[in-house]
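As the structure is a computational prediction, the values presented were derived from the model and not from experiment. Just so it is clear, the values below take in all heavy atoms, side chains as well, and ignore hydrogens, waters and symmetry mates.
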Amino acid sequence: EDDYYDRALWIGAGGAGHAHVIQWLLGLAVRLSPEDATQLVLCGRNIGDEGTLHLASALAANTTLTSLDFGSNDVGDRGGAHLADALRFNSTVTSLNLLNNNLTEAGAGALVAVAEFKPNQIKSPCGIASNMIIVQEYGLGPADAVLFAFELRVNATITELDLYNNNIGAVGAQHITEALKVNA
């Protein structure tokens, strides 16, 4: 666990007014050499679809990053599509956190399709590294349920899932129910 913090790059610039700073930091972060950071933490920075485009263009050729925390960044389907395209070419990212963005179920499905296309590489679209998932009151929606459903289908070590007081709805609950049938 100490290694995570030693090898993580945390980017603190936030807000849409800092788009040029975010673009520069993203360019720097994804062009790191292998002895540098392997995790990129960008959660809650409101980077949106445009920032995701910049990240995706650099991520496609990156050979350093293994983990990307991109949760709560106002990423919609357009940004998700850019990220999905980049992940098709990237050979090192194994874990993402894309929860609590503005993806629709279709946008989340596009990212899951890439993970299914690369089953020996991308293991987690939710950034899960334990057997317990407790995300109470995170404001998660149906698209997040699509990501969790994939996680449940491929990660048989998950023993607890707590989605109390989120907004996954009936469709999101159905995705998770179907995944639990596979996971059981």
Side-chain angles (χ1 to χ4, degrees), residues 1-11 29 34 36-45 52 55 59 62-73 75 80 83-84 86-88 90-184:
E1 193 169 343
D2 290 336
D3 187 51
Y4 174 81
Y5 292 104
D6 292 341
R7 304 199 28 96
L9 178 62
W10 297 71
I11 293 183
D36 290 323
T38 57
Q39 292 89 22
L40 180 58
V41 180
L42 292 165
C43 54
R45 300 294 159 213
T52 306
L55 171 70
L59 185 63
N62 177 269
T63 59
T64 302
L65 295 174
T66 59
S67 177
L68 176 63
D69 187 341
F70 211 57
S72 302
N73 264 301
V75 176
L83 194 54
L87 289 169
R88 287 187 200 330
N90 180 281
S91 62
T92 57
V93 172
T94 59
S95 178
L96 308 163
N97 174 10
L98 295 168
L99 297 173
N100 207 11
N101 277 292
N102 287 329
L103 294 167
T104 64
E105 290 173 66
L111 290 157
V112 166
V114 172
E116 289 172 338
F117 176 71
K118 299 179 106 176
N120 295 321
Q121 181 185 335
I122 300 173
K123 304 292 185 193
S124 174
C126 302
I128 305 300
S130 74
N131 63 344
M132 293 174 44
I133 304 172
I134 301 173
V135 285
Q136 296 178 355
E137 300 179 12
Y138 270 50
L140 302 178
D144 299 307
V146 170
L147 298 174
F148 273 122
F150 173 80
E151 189 92 30
L152 290 168
R153 284 193 307 271
V154 300
N155 186 347
T157 65
I158 295 172
T159 58
E160 184 175 339
L161 174 63
D162 187 345
L163 293 169
Y164 172 75
N165 207 15
N166 281 287
N167 299 310
I168 64 170
V171 173
Q174 185 63 38
H175 285 294
I176 290 175
T177 299
E178 294 301 319
L180 287 172
K181 292 177 184 176
V182 173
N183 183 283

Main-chain N/O of L103 paired to N101 side chain as donor or acceptor, under 3.5 Å: no

I168 vs F148 side-chain heavy atoms within contact, under 4.5 Å: no

With E116 via side chain to side chain donor-acceptor pair (under 3.5 Å) - residues at least two apart: R153

Non-neighbouring partners of E178 that pass side-chain contact (heavy atoms from CB on, under 4.5 Å), sequence neighbours left out: Q174, K181

Set of residues satisfying side chain to side chain donor-acceptor pair (under 3.5 Å) with respect to E160, sequence neighbours excluded: none

Residues that S91 engages under side-chain contact (heavy atoms from CB on, under 4.5 Å), provided they are two or more places apart: none

Separation between CG of L87 and CD1 of I122, rounded to the nearest 0.5 Å: 4.5 Å

Of all pairs that satisfy salt bridge (charged side-chain N to carboxylate O under 4.0 Å, His left out), the ones with a partner from residues 119-143, not counting sequence neighbours: none

Approximate separation, where rounding is to 0.5 Å, of L140 CG and N165 CG: 10.5 Å

4.5 Å side-chain heavy-atom contact, L98 and V75: no

Spacing of CG belonging to L65 relative to CG belonging to N90, to within rounding of 0.5 Å: 7.5 Å

Gap between atom CG of D69 and atom SG of C43 - 0.5 Å precision: 4.0 Å

Test side-chain contact (heavy atoms from CB on, under 4.5 Å) applied to T66 - qualifying residues, sequence neighbours left out: T38, Q39, T94

Summary of side-chain hydrogen bond (donor to acceptor under 3.5 Å, both in side chains) pairs that have at least one residue in residues 138-148, sequence neighbours excluded: none

Min side-chain heavy-atom separation L83-L59 under 4.5 Å: yes

N166 side-chain N/O to G139 backbone N/O, donor-acceptor pair under 3.5 Å: yes

Residues that S72 engages under side-chain contact (heavy atoms from CB on, under 4.5 Å), provided they are two or more places apart: N100

Flag side-chain contact, heavy atom, 4.5 Å: L42 against L68: yes

Contacts of type side chain to side chain donor-acceptor pair (under 3.5 Å), residue D162, not counting sequence neighbours: Q136

Contacts of N155 that satisfy side chain to side chain donor-acceptor pair (under 3.5 Å) - sequence neighbours left out: T157

Candidate list L161, V182, T177, test side-chain contact (heavy atoms from CB on, under 4.5 Å), partner L152, passing option: L161

